[in-house]
Amino acid sequence: MREFQIGNRMIGPSQPPLVIAEIGINHEGNLEVAKEMVDAAAKAGAEVVKHQTHIVEDEMADAAKKVIPGNADVSIYEIMKRCALTEEEETELKRYVEEKGMLFISTPFSRAAADRLERMNVQAYKIGSGECNNYPLIEHIARFGKPVILSTGMNDIPSVQKAVGILERCQVPYALLHCTNLYPTKPEWIRLGAMTQLQEAFPNAVIGLSDHSLNNNACLAATALGACILERHFTDSKYRSGPDIICSMDGAELAALIQGSREIAMMRGGVKQALPEEQVTIDFAFATVVAIADIQAGDTFTMDNIWVKRPGTGEIPAVDFEKILGKTASRAIPNGTQLIWGDIQ
């Protein structure tokens with residue numbers, strides 16, 4: 001089985017889906033707001049809270065000061081500078097998350113950020129879609145020897161293959177998340193077929209979905225298709241002004257996603273045949289062969305003296321009805337009697 005472990009949590013096809021609540025930078029650099037989001041995630045039943053680790057000077061060149069994201073009106077440099085926590089603050093956030101009984105993971109966007117997280121002794125790393133083809137950074141992280149969850153948005157299979165090659169060479173457990181990096185993501189942009197394509201291309205990988213749409217539908221549908229990890233942005237209130245609030249779930253949606261994905265995961269698999277537990281229904285719902293007139297010994301069975309009726313407790317099922325037509329009765333059979341094979345000469 002393609003499974004691995006983060007802390008005490010096993011992740012893989014035989015496990016309940018792991019739902020990641022990403023507070024990211026929705027706290028806008030305010031540690032107390034971040035803690036309020038952690039409280040809401042814990043109340044909703046989250047197992048994992050994910051952060052983003054930004055050390056802007058190591059992450060971006062000066063040119064980033066002129067690049068404005070599609071969902072913002074200021075530069076990406078300014079956004080990340082405003083939203084970044086210090087190492088002391090992030091260490092405190094990790095302590096707070098773990099105190100609540102949840103796992104803390106984060107996405108490092110630079111080598112310095114990865115080194116900070118390693119000093120903090122995180123148990124796993126999340127690598128974002130923008131870094132899926134940042135092979136030097138992936139290798140730097142993989143050398144820590146800890147599990148990696150890699151988002152693959154904006155990348156094709158050959159690009160992902162190079163990243164997977166690094167992870168496998170470094171012998172770290174890994175998962176691949178399909179993702180569309182548009183905020184929010186329209187339903188027609190989600191493309192769950194790409195997630196199944198990842199599973200076909202990388203059969204040894206744990207597969208999941210990192211979603212930026214406006215509700216839980218994509219994650220629930222992905223679960224039905226085999227997703228083992230589900231990630232959505234998270235906030236305690238949709239009335240906050242954080243960068244990803246528009247595509248964030250709140251506590252009620254997180255609780256619904258956790259419960260819904262677990263139920264759907266239990267629905268996966270199986271074969272098309274009756275369950276032993278269905279026998280109680282078979283007994284009344286199926287039909288068996290019944291005499292519909294008094295039949296004398298030696299009479300021929302015809303459509304006029306036998307038919308199929310509920311319940312399914314008789315000996316001769318409806319599927320064998322035509323085998324009996326034209327045969328003769330070995331004894332007298334009263335009207336309404338369920339036939340047995342011994343009745344047929």
Side-chain angles (χ1 to χ4, degrees), residues 1-3 10-18 178 187-188 190-209 216-230 256-345:
M1 295 294 290
R2 52 186 195 279
E3 297 189 343
M10 289 297 299
I11 304 165
S14 69
Q15 306 297 324
L18 180 69
H178 170 55
E188 61 267 30
I190 288 172
R191 302 161 299 142
L192 292 176
M195 188 190 76
T196 57
Q197 187 182 7
L198 277 176
Q199 186 68 87
E200 293 166 1
F202 306 101
N204 294 327
V206 170
I207 299 297
L209 179 71
N216 285 335
N217 290 350
C219 284
L220 294 174
T223 303
L225 293 176
C228 301
I229 299 176
L230 307 168
L257 179 56
I258 293 168
Q259 179 173 344
S261 64
R262 290 187 171 213
E263 290 181 1
I264 291 170
M266 289 189 286
M267 301 174 193
R268 297 189 297 217
V271 295
K272 191 69 192 90
Q273 64 184 36
L275 287 172
E277 292 83 355
E278 289 181 289
Q279 187 62 49
V280 65
T281 307
I282 288 171
D283 285 346
F284 75 79
F286 280 12
T288 52
V289 179
V290 179
I292 58 172
D294 289 334
I295 301 171
Q296 303 304 316
D299 284 354
T300 299
F301 293 117
T302 69
M303 299 274 284
D304 294 324
N305 59 16
I306 61 170
W307 188 238
V308 289
K309 293 184 179 182
R310 288 182 171 188
T313 55
E315 188 172 305
I316 304 176
V319 296
D320 290 328
F321 175 73
E322 292 187 356
K323 294 179 183 178
I324 301 169
L325 292 174
K327 300 231 168 62
T328 55
S330 63
R331 68 177 180 95
I333 306 169
N335 183 8
T337 303
Q338 292 177 320
L339 269 67
I340 61 174
W341 288 110
D343 294 333
I344 300 146
Q345 206 168 55

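Numbers here are sequence positions counted from 1.
Shown here for Gly342 and Ser330, the closest heavy-atom pair between the two residues is O-OG, 2.7 Å. Contact between Leu230 and Cys219 at its shortest, heavy atoms only, is CD2-O, 3.5 Å.
Using a 4.5 Å cut-off on side-chain heavy atoms (C-beta onward), His178 and Arg191 make contact. By the 4.5 Å heavy-atom criterion applied to side chains, Ile316 and Ile344 are counted as neighbours. Residues Glu3 and Cys228 are not in side-chain contact: their nearest non-hydrogen atoms beyond the backbone lie 4.5 Å or more apart.
The environment of CD in Gln345 is crowded: more than 12 heavy-atom neighbours from other residues, nucleotides or ligands sit within 6.0 Å. Counted within 6.0 Å of CZ on Phe286, heavy atoms from surrounding residues, nucleotides or ligands total 12 or fewer; the atom is thus considered open. More than 12 heavy atoms of other shown residues, nucleotides or ligands fall within 6.0 angstrom of atom CH2 in Trp341.
One finds the CE atom of Met303 at 8.0 Å from the CD atom of Glu322 (value rounded to the nearest 0.5 Å). How far CG of Asp343 is from OG1 of Thr328: 11.0 Å, rounded to the nearest 0.5 Å. Here Ser261 contributes atom OG and Ile229 contributes atom CD1; the two are 12.0 Å apart, rounded to the nearest 0.5 Å. A distance of 8.0 Å separates CD1 in Ile292 from CD1 in Ile306, rounded to the nearest 0.5 Å. Taking CD of Gln199 as the reference point, atom CG of Asn204 lies at 9.5 Å (rounded to 0.5 Å). Here the CZ atom belonging to Phe301 is positioned 5.0 Å from the CD1 atom belonging to Ile295, to the nearest 0.5 angstrom.
Looking at Thr223, its side chain never comes within 3.5 Å of a backbone N or O of Arg262 through a donor-acceptor pair. Of the possible polar contacts, none joining the Asp283 side chain to the Val280 backbone as a donor-acceptor pair under 3.5 Å is found. Side-chain atoms of Asp294 come within 3.5 Å of backbone N or O of Asn335 as a donor-acceptor pair. At distances below 3.5 Å, at least one donor-acceptor pair connects side-chain atoms of Arg2 with backbone N or O atoms of Ala205.
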Leu192 and Leu209: CA distance, side-chain angles, deciding distance, side chain to side chain contact (heavy atoms under 4.5 Å, CB included) verdict: CA-CA 9 Å; Leu192 292 176; Leu209 179 71; 4.2 Å; yes
